[in-house]
2 protein chains.
Amino acid sequence: MHALPEADHDEPESTRQRLLREAAHEFRRKGYAGSTTREIAAKLGLKKASLYHHIDKKEDLLYEICLDCLATIQREVERAMYAAPTPLERLHALVLTHVQVGLREQDGFATLLLDIRYLSDERRAKVMQRHDAYQALVRATISAAQSAGVLRQDIAPGNLTLMLLGLLNWSAFWYQPAGPLTPEALGALFWQQFLNGAVAPM
Amino acid sequence: MHALPEADHDEPESTRQRLLREAAHEFRRKGYAGSTTREIAAKLGLKKASLYHHIDKKEDLLYEICLDCLATIQREVERAMYAAPTPLERLHALVLTHVQVGLREQDGFATLLLDIRYLSDERRAKVMQRHDAYQALVRATISAAQSAGVLRQDIAPGNLTLMLLGLLNWSAFWYQPAGPLTPEALGALFWQQFLNGAVAPM
DNA sequence: GTCTATATCGCGATAGAC
DNA sequence: GTCTATCGCGATATAGAC
C-alpha cells in the first residue's frame, strides 16, 4: 500500500514523496475535490498522465496523505512522551509535539481534518480508526493526569480531550508560518491556556 | 441578492428556504464539491433543472449559506450581549450563544468553516469580511474583559480570541445531537474550561 | 518514467414546453 | 414553478509510443 519511509539519509526526495507533498499543498488551498490532477502534475513539471505511473487513482493521494499524517503525529508524540517522567509532563510533551508536528505538516494535517469526507467509505473508516486510536492516546494521557490529581476530575476525560484537540487543531486552519508566533510559542500558549484558563490571577 | 427573512409567522417554509437547508445538510456530509445538484434536487422531490428557477448557480447556495450563518450568529450574539451588564457576563453570553446557534445551525456552520474555499475570490472575500467583523466583536469583548481586570492580561486578546474560537468551533465537526450533551451543557463546559482551565484546584 | 492522444463519464447549466 | 431533453465542458483515467 505505502512503503515504510526509507531511513532519512540525505537522498533526493523521490517523485512519489514530492507528489504527496505537492498534492497536500494543493488540497489545503483548493480542497481535494477542487484540485485537479493537471495542476498537481504541473507543479511537479509533469503531464497529468504521468501521475498514473506513481498512483492508481487520485484518491490514493488523499488516502496516503491522511494515513501518513496520522502516523507521523502518533509516532512523534509517543516518542516525546516516552521521555517524560510524570503524567503532567507526559501531557505537556503531547501538547507541544502535537502542535509542532501539526504545523510542520500543516498541509497534510489540514487536509486530514478538512477532506476526510472525500474518501470512500472503506478508506474513510480506516483513517477514522487510526484517528480514534490517536484520540484514545490523548484521552488516556489526560485520564492518567486526572488520576494523579494534577488535572481537575469534575470534567470527563473524553470532554477534556475534545476541548484540548479543538484548541490545538484549530491552529492548522489559521496558522501562518510568516506570522509572529513560532509553533513552539504557540504550543506554550495552548498549554498555559488549557491548564490555567483565561481568568485573571487573584 | 437574498431577501430579508420574512417575519417568523408560522408560514410554511418556502422552497428557497428548504433548498438552502437541504443544501447545507448535503454540503456538510459530502462537501460542497462532492455534492451534486441532482441529489439536492432529489431531496426536495424536484428534478435538477428546477433548482435553477430559484438560483442562478450552484455556488449561490454556498454563498448564501455562509452569509446567512454568519448573520444569524452575529445577530443573536449581539442581542444576548446587549442584556448583559458586565464585561465578564457579556463574554459569557457570547460563548453560550455562539455555541447554541452554531450547533442549532450545525450544517450551515460546518459548511461555512469547511467549504469557504470553494467560493469565488470575490465572494470568499465578502464572506471573510463578515467573518472578520464577527471575530473583531469577539476580540473586543475579550479585550474589554481584560481591561476590566477579570481576564488575564499576559496573553494578547487576539491570541485569546483564536483559542476561544478553536474551543467553540471545533464542536461543529464532532457534535451529535443524539449524544449525551445538550448545546447548553456544552456551552457551560467550554466556559468553565476557557476561564478556569483544566488544572486541579489546590 | 514520461510523453501524446484519446476514451469515458458525470457534472453544471440551458432551452423551451406545460 | 416544474418538467423533459440536451448541450458543452472539464474531469479522471487509459492506451500505447518513446
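Here the structure is a predicted model, which means the values were calculated and not measured. Chain naming here is simple, since letters A, B, ... match the order of the sequence lines and numbering starts at 1 in each.
The separation between B/Ile40 atom CD1 and C/dG12 atom C1' is 11 Å, rounded to whole Å. Atom NE2 of B/His53 is separated from atom P of C/dG16 by 18 Å (rounded to the nearest Å). Remark: P of C/dG16 and NZ of B/Lys47 are 22 Å apart, rounded to the nearest angstrom. A straight line from CG of A/Asp60 to C1' of D/dA13 spans 12 Å, rounded to a whole angstrom. Between the CD1 atom of A/Ile55 and the P atom of D/dA13 there is a distance of 7 Å, given to the nearest Å. Going from atom CG of A/Leu51 over to atom P of D/dA11 covers 13 Å, rounded to whole Å. Protein atom CG of B/Leu46 is 7 Å distant from nucleotide atom C1' of D/dT2, rounded to whole Å. Counting to the nearest Å, the C1' atom of D/dA15 and the CG atom of A/Asp56 are 16 Å from each other.
A side-chain N or O of A/Arg152 and one of B/Gln192 form a donor-acceptor pair less than 3.5 Å apart. Inspection of the A/Thr86 and A/Glu89 side chains reveals an N or O donor paired with an N or O acceptor under 3.5 Å.
A/Ser50 has no side-chain polar atom (N or O) that falls below the 4.0 Å cut-off from OP1 or OP2 of C/dG1.
Under the side-chain hydrogen bond (donor to acceptor under 3.5 Å, both in side chains) criterion, the residue pairs touching residues 160-186 of chain A are A/His98-A/Asn169, with sequence neighbours excluded.
One finds no salt bridge joining B/Glu64 and B/Arg123 here, because no Lys/Arg side-chain nitrogen approaches an Asp/Glu carboxylate oxygen to under 4.0 Å.
Applying the ring pair (Phe, Tyr, Trp, His ring centres under 6.0 Å) criterion to A/His92, with sequence neighbours excluded, gives A/Trp191.
Judged by a 6.0 Å distance limit and a 45° cone about the ring axis, A/Lys58 is positioned over the six-membered ring of A/Tyr32.
At a threshold of 4.5 Å between non-hydrogen side-chain atoms, the residues A/Arg21 and A/Asp107 do not count as touching.
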Take nucleotides 6-11 of chain C nucleotide by nucleotide from the 5' end and write B, S or -, depending on whether a protein heavy atom sits under 4.0 Å from the base, only from the sugar-phosphate, or from neither.
B----B
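Comparing C/dA5, D/dT4, D/dT2 by their nearest atom to the side chain of B/His54 picks out D/dT2. Nearest nucleotide to the side chain of A/Tyr52, out of D/dA13, D/dT2, C/dG12: D/dA13.
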